[in-house]
Amino acid sequence: MTAETAATEEDLTMMSFCAMLTSSLGDAHQYHVLLDGGERKFHLTLVTNKRETLSTTPEGIPDTFCKLSLETGKMEIAPGDGDDYFDRETHGYSREEFARVSVHIRTGWVRDGSPPATVVKYFG
């Protein structure tokens, strides 16, 4: 591994996130997610009755970038969308980051029996 390769891989590593529950309606629970101290952000919705998370707009409308089954771990992506799991350019966050945040939200939901109000994780 060269120094250039190491720097590139480090640049692609999410170091922290904060997911905050912003609204709940029935089985749908929307989160505002800040990555790396707020440098990047996105929204996702935990749908408890379907046991999945969806990438959404700030208004809670699914945007088809990511859909993750919390039972099987299978990621669905929009037809024709790139399949690079680590691409950040298109949406400002990667599918890998979406999956990591989703799994931590799911853990809080399973542990507590209700969607967590806030999930904060630091890596590194």
Side-chain angles (χ1 to χ4, degrees):
M1 177 184 305
T2 67
E4 184 177 299
T5 304
T8 301
E9 288 178 5
E10 185 174 304
D11 291 341
L12 294 177
T13 302
M14 172 178 60
M15 297 306 294
S16 66
F17 76 83
C18 176
M20 299 162 286
L21 183 63
T22 57
S23 64
S24 292
L25 181 61
D27 292 315
H29 311 279
Q30 185 173 14
Y31 286 85
H32 180 82
V33 181
L34 302 174
L35 301 174
D36 297 329
E39 290 179 20
R40 297 175 293 120
K41 61 186 174 185
F42 68 94
H43 294 83
L44 72 80
T45 298
L46 166 67
V47 185
T48 54
N49 64 334
K50 293 185 178 182
R51 300 186 184 284
E52 65 187 15
T53 54
L54 309 167
S55 57
T56 59
T57 66
E59 296 77 27
I61 300 165
D63 66 11
T64 71
F65 178 59
C66 296
K67 180 178 177 180
L68 179 69
S69 168
L70 298 176
E71 289 185 336
T72 66
K74 182 179 180 207
M75 176 83 66
E76 292 182 27
I77 60 174
D81 209 352
D83 61 356
D84 183 353
Y85 200 61
F86 297 96
D87 171 43
R88 285 185 181 166
E89 297 300 317
T90 308
H91 295 277
Y93 64 99
S94 69
R95 289 187 176 95
E96 186 268 340
E97 292 165 331
F98 176 86
R100 279 182 130 189
V101 172
S102 294
V103 167
H104 285 287
I105 290 173
R106 177 197 181 276
T107 299
W109 168 48
V110 169
R111 181 188 60 231
D112 301 336
S114 62
T118 306
V119 179
V120 177
K121 294 291 177 189
Y122 297 95
F123 308 101

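Separating the NZ atom in K74 from the OG atom in S69 is a distance of 9.0 Å, to the nearest 0.5 Å. Summarising the geometry, atom CD belonging to E96 is positioned 9.0 Å from atom CE belonging to M75; distances are rounded to the nearest 0.5 Å. Summarising the geometry, atom OG belonging to S23 is positioned 10.0 Å from atom OH belonging to Y31; distances are rounded to the nearest 0.5 Å.
With hydrophobic clusters built from ILVMFWY side chains whose heavy atoms lie under 4.5 angstrom apart, L70 shares a cluster with V110. One hydrophobic cluster, built from ILVMFWY side chains closer than 4.5 Å, cannot hold both V33 and V47; they sit in different ones. Cluster annotation: F65 is not connected to L54 through the hydrophobic network of ILVMFWY side chains, with a link wherever side-chain heavy atoms come within less than 4.5 Å.
A donor-acceptor contact shorter than 3.5 Å is absent between the side chain of S55 and the backbone of D63. The main-chain N or O of G92 is never found under 3.5 Å from a side-chain atom of E97 such that the two would form a donor-acceptor pair. Looking at D87, its side chain does come within 3.5 Å of a backbone N or O of E89 through a donor-acceptor pair.
For the pair L68 and G73, the tightest heavy-atom approach, listed with the atom from each and the gap, is CD1-O, 3.4 Å. L35 and M14 get closest at one heavy-atom pair: CD2-SD, 3.3 Å. Contact detail for L44 and S102: the closest heavy-atom pair is CD2-OG, 3.9 Å. Between P58 and Q30, the closest heavy-atom pair is O-NE2, 3.3 Å. The two residues L21 and P116 make their nearest non-hydrogen contact at CB-O, 3.8 Å. Closest heavy-atom contact between G37 and S16: N-OG, 3.6 Å.
Put simply, the side chain of L46 reaches to within 4.5 Å of the side chain of T53, judged on heavy atoms. At least one side-chain heavy atom of C18 sits under 4.5 Å from a side-chain heavy atom of T118. By the 4.5 Å heavy-atom criterion applied to side chains, R100 and K121 are not counted as neighbours.
Of the options R106, K50, R51, a salt bridge (charged side-chain N to carboxylate O under 4.0 Å, His left out) to E71 is made by R51 and by none of the others. Of the residues D36, V101, L34, the one that meets the side-chain contact (heavy atoms from CB on, under 4.5 Å) test with F17 is V101.
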Would you sort out whether R88 and R40 count as a side-chain contact (heavy atoms from CB on, under 4.5 Å), showing the intermediate values?
CA-CA 10 Å; R88 285 185 181 166; R40 297 175 293 120; 3.3 Å; yes
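Counting only N and O atoms by type, the side chains of T57 and E59 include a donor and acceptor under 3.5 Å apart.
Using bins of under 30°, 30° to 60° and over 60° for the plane-to-plane angle, the ring pair F123/H104 lands in the tilted bin.
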